[in-house]
Amino acid sequence: MDCQVGFESFILVDDGTTAVVEGLRIAPWMRGRGLAGLIQKFCFNTLHSDHPEVKRARLTRAENPPAAMLTKYKVINSKAVMPFLLPDDQLEAVLNLMESRVNDLDRSKNLTILGAEEILRFFEESKSREELLSGGLLVQGWLPLTTHKSNLNLLLRRQIVWIYSHPGDSNDSASSSRVTTSCGSTQSYLQRFLSLGTPAYPIPLAEGVHRLDIDLFGNDPSCAKVHILQQLKIAVQALPAGIGIICILYADESLRTELGQLCEGVTPFHVVKEQMIMEMEI
């Protein structure tokens, strides 16, 4: 009788020049026998033979990776991971609590939901990438990508909500500092902020719960709070009745304390605390 004892999957990105490792899983009863190394060797040999244009491998990993991995991969960046649980009967109360922790000035910021063409134009500007993306990577959930057009098109197919703002933007700001929906402005911004929110989707962990990933790019805490609130509101509006949310925030480590204060009193959902982005030449 045949049985599956492990698998590893890759996705080709960066116009086919990078392989992102999406998962390596070994059955519990077969661990510690060297199978992971054999599967990895087979996969890399397959990449070499079938996709010789692939020059590097990239992956995301939770904190404390094995020492052997650190000898092969270079750590490009890391982000704070902050998961919490919002039961369906607490959604409204938690959103009201979070909103009460955001001051009126921050709530007055203009948030722009970007469309597909706006997103593509936005990342054509090198300043956007330099200010927002540590290590030059746009990490959506656990998928680390460059801003190559083929990667952006991949993300656009996932119905992600892209929200953009700038700390100087508010309803009372001068028109010259406001974010335009076309993203075609050549204004010189002091700092930018971007968030990506997935549609809430069902997960097998528990009945009546969907998962929402919110990726934050930028290090302004006031913007981060406003973006989280807006992404939550959009996700909650689309939820079926009687469904709660496991929300996972991915943010610059410098934001951990203030975002922890925003979420104080909300039920934590312990998964991991840190996301590491790693890469190696192959």
Examine [X] and [Y] and state if one hydrophobic cluster contains both, with Ile, Leu, Val, Met, Phe, Trp and Tyr joined whenever side-chain heavy atoms are less than 4.5 Å apart.
X	Y	answer
Ile234	Val226	yes
Leu212	Leu229	yes
Leu35	Val21	no
Tyr73	Met276	yes
Leu59	Leu154	no

Short question: side chain of [X], backbone of [Y] - any donor-acceptor pair under 3.5 Å?
X	Y	result
Arg61	Met278	no
His148	Ser150	yes
Thr198	Ile160	no

Closest non-hydrogen atom pair between [X] and [Y], with its separation:
X	Y	answer
Ile203	Arg211	CG2-CB, 3.6 Å
Ser165	Leu111	CB-CD2, 3.5 Å
Leu255	Ala251	CD1-CB, 4.1 Å
Phe269	Leu85	CB-N, 4.2 Å
Ile277	Pro144	CG2-CB, 3.9 Å
Cys263	Leu249	SG-CD1, 4.3 Å

Side chain proximity check, [X] to [Y], heavy atoms < 4.5 angstrom:
X	Y	value
Leu143	Leu145	yes
Leu24	Ile39	yes
Ile163	Gln231	yes
Phe123	Leu152	yes
Leu262	Glu258	no
Leu137	Ile76	yes
Leu196	Ile214	no
Ile245	Val209	no

[X] atom [atom1], over 12 foreign heavy atoms within 6.0 Å:
X	atom1	answer
Glu274	CD	yes
Phe42	CZ	no
Gln159	CD	no

In plain terms, say whether Lys225 and Glu99 are close enough for a salt bridge, that is, a side-chain N and a carboxylate O under 4.0 Å apart.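 Between Glu99 and Lys225 there is no salt bridge, as every charged N stays at least 4.0 Å from the carboxylate O atoms.
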Any ion pair linking Lys273 and Glu63 (charged N to carboxylate O, less than 4.0 Å)?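 Judged by the 4.0 Å cut-off on N to carboxylate O distance, Glu63 and Lys273 do not form a salt bridge.
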Which ring pair (Phe, Tyr, Trp, His ring centres under 6.0 Å) pairs, counting each pair once, include a residue from residues 217-242, with sequence neighbours left out?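 Counting only pairs at least two positions apart or across chains, the ring pair (Phe, Tyr, Trp, His ring centres under 6.0 Å) contacts touching residues 217-242 are Phe193-His227.
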How many angstroms lie between [atom1] in [X] and [atom2] in [Y], if you round to the nearest 0.5 Å?
X	Y	atom1	atom2	answer
Ile113	Glu118	CD1	CD	10.5 Å
Asn103	Ser222	CG	OG	7.5 Å
Ser195	Trp162	OG	CH2	10.5 Å
Leu38	Arg33	CG	CZ	12.5 Å
Trp142	Lys79	CH2	NZ	11.0 Å
Arg101	Leu97	CZ	CG	4.0 Å

Do the side-chain N and O atoms of Gln275 and Thr60 include a donor-acceptor pair separated by under 3.5 angstrom?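 Side chains of Gln275 and Thr60: no pair found under 3.5 Å.
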Run the salt bridge (charged side-chain N to carboxylate O under 4.0 Å, His left out) test on Glu253 and Arg256 for me, step by step, so that the C-alpha distance in whole Å, both residues' side-chain angles and the decisive distance to 0.1 Å come before the verdict. CA-CA 5 Å; Glu253 183 62 42; Arg256 186 186 292 274; 2.7 Å; yes
Report the C-alpha separation of Leu138 and Leu132 in whole Å, then their side-chain angles, then the decisive distance to 0.1 Å, and conclude whether the side-chain contact (heavy atoms from CB on, under 4.5 Å) test is met. CA-CA 9 Å; Leu138 180 69; Leu132 289 173; over 6 Å; no
Apply side-chain contact (heavy atoms from CB on, under 4.5 Å) to the pair Ile228 and Leu259, showing each step before the final yes or no. CA-CA 9 Å; Ile228 291 168; Leu259 297 188; 3.7 Å; yes
For the pair Arg192 and Glu131, evaluate salt bridge (charged side-chain N to carboxylate O under 4.0 Å, His left out) and give the outcome as yes or no after the intermediate values. CA-CA 7 Å; Arg192 304 164 189 251; Glu131 292 185 0; 3.2 Å; yes
Would you mind listing every salt bridge (Lys or Arg N to Asp or Glu O under 4.0 Å) that reaches into residues 5-22, with sequence neighbours excluded?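 Checked against salt bridge (Lys or Arg N to Asp or Glu O under 4.0 Å) - neighbours excluded - the pairs reaching residues 5-22 are Asp14-Arg58.
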Let me see the working for Leu91 and Leu239 under side-chain contact (heavy atoms from CB on, under 4.5 Å), right down to the final yes or no. CA-CA 11 Å; Leu91 285 173; Leu239 276 180; 3.8 Å; yes
Mind checking what makes side-chain hydrogen bond (donor to acceptor under 3.5 Å, both in side chains) contact with [X], not counting sequence neighbours?
X	value
His210	none
Gln140	Arg158
Ser254	Asp252

Could you go step by step and tell me if Thr146 and Asn151 meet the side-chain hydrogen bond (donor to acceptor under 3.5 Å, both in side chains) rule? CA-CA 7 Å; Thr146 66; Asn151 297 339; 3.0 Å; yes
Counterpart residues, ring-ring contact (aromatic ring centres under 6.0 Å, His included), relative to Phe44 (two or more places apart):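 By the ring-ring contact (aromatic ring centres under 6.0 Å, His included) rule, Phe44 matches Phe10.
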After noting the C-alpha distance and the side-chain angles of Met98 and Val94, does the key distance pass the side-chain contact (heavy atoms from CB on, under 4.5 Å) rule? CA-CA 6 Å; Met98 288 185 172; Val94 169; 4.1 Å; yes
